[in-house]
Amino acid sequence: MAFLKFNKDELVNLGYSLKREILGSNKTGAYCNTSIIGCNTRRYHGLLAVTLDRFGGDRYLLLSAVDETLVVNEKRFNLGIHCYGDNYEPRGHKYIVDFDANPVPQITFKVGEMVFRKSLLLAQDKDQVMIRYELVESPAPVRLQLRPHLAFRNIHALTHENPEAMTEGQEIENGVTFKMYNMFPDLNLQVSDPAAAFIRTPYWNRNITYSDEYRRGFDCREDLFVPGYFEVELKKGRSIVFSASLLKENPQEFDRKFKASIRKKGSAENYRDQLKRCANRLIIEHNGRAKIHAGFSWLYTGLLRETLISLPGLALYGMNDPKLFEEILDNLISDEFERLFHRTTQVEAPLCLAGVLQSYIEYGADPKAVWKKYGRTLCLILESYLPGVRAEVSMQPNGLLWAQMDGVALSWMNAYIDGRAVTERAGYQVETNAFWYNSICFALEMEEKYGDSTGAFVAKWTEIRDLVKAGFQSVFWNASRGCLADYVDNYGQNEDIRPNQIYALYVKHSPVDEELAPSILRVIDNELVTSRGIRTLSPRDVKYRGVYEGSQRDRDLAYHQGCAHPFLLEPYVDVAFRVKGAAFWKKAEWLVEGFYEDLGKHGVGAFSELYDGDPPHEPHGAISSALSTAALLKVEYLLEKYKEDRI
């Protein structure tokens, strides 16, 4: 696919190539992430980061990089590249002539008459990265030297030369193994050619600089340990495979396994293929427990809100796998007991369960079976919002939920600067109360059909439902603006134009009169919709920040104060189709196509977490986002649903 390819002019331009990242991930929770020219620009970049239960299940970077050197007639050509302050050395990118990421990242170098190619592959079932090197063309034999750079540290941290590091490796078949610190696993470095030699020349490669961290004002320099180098002779048409793994592997199997994995992976033939491939990549099965990873490389696995919102899109519309859907949901309920039933700083998140179950039933699940399995969980969640249970949120006499903890952001808009919430939104939040009403209505609907024959739940919650319905519109509707208030506190309605109001129309049981929907949608269309998602604040607002750049403070000010978030397209497109019908089809198609155009930016072949609110809407944040990927899958489903009726 053309969007996964880059030419020489693009690759040698550091201003262009360093902004584009490649990503590999697998079911164990490991990942491989670097720029398209192999120069690491973030602390999160590296060739093998793995999930370690012994350290609480966080990810740890073991192998940061491998520098290649070609030696021909005693002339040395270094193909690696690192940043040191403002300088890049040894500038091996100048030899790159081609890059293709389909099906795996493949970089082609040309040095004089030599053509040399390397391909990266992360094994799908184990913590192993393999790099295949092939000498495509050469007038003479070449000696290939491979210098591994070891990190052995948390992906969020940096490491430096220190006396505690254990730098003596042990020989193994066709390689050497290292464990730089106690409690870490062994990292086994091996090559497929038994004639390859490992020459010990240990040193610390000091003051490597990560330019993205530097630009943002973070700690950005670290030292990486280089234990020596592998050396092997290559002739034209010959290849070898380098492996870094937590297990001692069989080197004789490397080439066969590499080729078999490529065949199994297959190529993405179209944008839909790539979207589904990204969905699969975001589902982790570490220790046999399926969970959703919120986003690569620095977000976490199994987060409550991110899992609930992205689960239908990824597991159903992406993977077409109801069994996987239930497995992920079961694991989430088991792991998130405290947040679901007692306390959470994202007060709307537990209430999203109702929408998840409604999506599952809409997809084709048996409603009686769904309620039998998950009904009690939802009912207990509802009970937890009654007075006296949660400290952060509670139902008021009018039936609505009031959320407040001084200084704490109690919603998904939860950025902080110097310990202070950027968007605290204390009071009645519009989306939280929309989810509350929908959850009550759904629970009542299901209980009346399949629930307790005594009718106790129905009698109790029918009264609460009617209270919420009676109070919601009078509290949130702003007639002068023709839309809903974002939240209401002790001072009255907050008049910030934000996207949270779309959820009051999106939920299956809306607390808003149907005739108000066109007006609300018109405001969102006029002030929040962009070609790359929905803005988090109207550009007319004095607090608006349209570009996500600069220091951590600058970016946190923009994150929910103007940045466009692709995941908000799912509720917006769904509502727009319901209000405008098939006449909206062309615009919906246009909204999706923009993201396909950007697959050669930021994360190559992946869907970014957020975009600038201002044109030209550049991508930022996590390079592969579960929320964005799931939303686009659902929008694709809606496009297909309304396709026959489009005009």
Strictly distance-based, threshold 3.5 Å: is any side-chain N or O of [X] a donor or acceptor partner for the main-chain N or O of [Y]?
X: S297; Y: Y44; result: no
X: D598; Y: K601; result: no
X: R20; Y: Y16; result: yes
X: D321; Y: K323; result: yes
X: S474; Y: G471; result: yes
X: S267; Y: E269; result: no
X: H565; Y: Y559; result: yes
X: N102; Y: A268; result: yes
X: T629; Y: C278; result: no
X: S625; Y: G295; result: no

**Request:** Test F435 against Y503 for ring pair (Phe, Tyr, Trp, His ring centres under 6.0 Å), laying out the working first.
**Result:** CA-CA 8 Å; F435 292 140; Y503 285 107; 5.1 Å; yes
[X] and [Y]: side chain donor to acceptor below 3.5 Å:
X: N26; Y: Q124; result: no
X: N331; Y: S334; result: no
X: H293; Y: T301; result: yes
X: Q429; Y: N433; result: no
X: E570; Y: Y506; result: yes

What closest approach, in Å, do [X] and [Y] show between heavy atoms, and which atom pair accounts for it?
X: I464; Y: W436; answer: CG2-CZ2, 4.2 Å
X: G482; Y: W477; answer: C-CH2, 3.5 Å
X: V507; Y: P511; answer: CG2-CD, 4.2 Å
X: G621; Y: E609; answer: CA-OE1, 3.4 Å
X: R281; Y: A606; answer: NH2-CB, 3.4 Å
X: W412; Y: T536; answer: CH2-CG2, 3.8 Å

Charged N to carboxylate O under 4.0 angstrom, [X] versus [Y]?
X: D525; Y: R522; answer: no
X: K5; Y: D98; answer: no
X: D335; Y: K291; answer: yes
X: E527; Y: R535; answer: no
X: E549; Y: R215; answer: yes
X: E636; Y: K276; answer: no
X: D541; Y: K543; answer: yes
X: E327; Y: R289; answer: no

Any chance you could measure [X], atom [atom1], to [Y], atom [atom2], to the nearest 0.5 Å?
X: L521; Y: L505; atom1: CG; atom2: CG; value: 7.5 Å
X: L401; Y: L410; atom1: CG; atom2: CG; value: 12.0 Å
X: Y374; Y: L329; atom1: OH; atom2: CG; value: 4.5 Å
X: D574; Y: F577; atom1: CG; atom2: CZ; value: 9.0 Å
X: L316; Y: L324; atom1: CG; atom2: CG; value: 8.5 Å
X: E348; Y: S439; atom1: CD; atom2: OG; value: 11.5 Å

**Request:** Assign the ring pair Y596 / F607 to parallel, tilted or perpendicular, where the plane angle (0 to 90°) is split at 30° and 60°.
**Result:** perpendicular
**Message:** Please determine whether side chain to side chain donor-acceptor pair (under 3.5 Å) holds for the pair Q561 and R498, giving the CA-CA distance in whole Å, both sets of side-chain angles, and the decisive distance to 0.1 Å.
**Reply:** CA-CA 9 Å; Q561 302 279 70; R498 295 188 183 274; 2.5 Å; yes
**Request:** Test D486 against Q501 for side chain to side chain donor-acceptor pair (under 3.5 Å), laying out the working first.
**Result:** CA-CA 6 Å; D486 186 55; Q501 60 187 304; over 6 Å; no
**Asked** Can the positive tip of R540 be found less than 6.0 Å from the middle of the six-membered ring of Y544, inside 45° of the ring normal?
**Response** no
**Asked** Checking R555 against Y548: charged group under 6.0 Å from the ring centre and within 45 degrees of the axis?
**Response** yes
More than 12 heavy atoms from other groups under 6.0 Å of [atom1] on [X]:
X: K19; atom1: NZ; value: no
X: K373; atom1: NZ; value: yes
X: E514; atom1: CD; value: no
X: K368; atom1: NZ; value: no

Between [X] and [Y], is the ring centroid distance below 6.0 Å?
X: Y385; Y: W402; value: no
X: Y428; Y: Y487; value: no
X: Y360; Y: F325; value: yes

**Item:** Matching residue for Y637 among Y642, Y363, Y317 - test: ring pair (Phe, Tyr, Trp, His ring centres under 6.0 Å)
**Value:**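 That would be Y317.
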**Asked** Hey, which of Y611, F567, W590 is the one that makes ring pair (Phe, Tyr, Trp, His ring centres under 6.0 Å) with F595?
**Response**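 Only match with F595 under ring pair (Phe, Tyr, Trp, His ring centres under 6.0 Å): Y611.
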**Item:** Residues that H45 engages under ring pair (Phe, Tyr, Trp, His ring centres under 6.0 Å), provided they are two or more places apart
**Value:** none
**Request:** Show the numbers, then the answer: is there a salt bridge (Lys or Arg N to Asp or Glu O under 4.0 Å) between R42 and E21?
**Result:** CA-CA 10 Å; R42 305 179 189 267; E21 303 180 35; 2.8 Å; yes
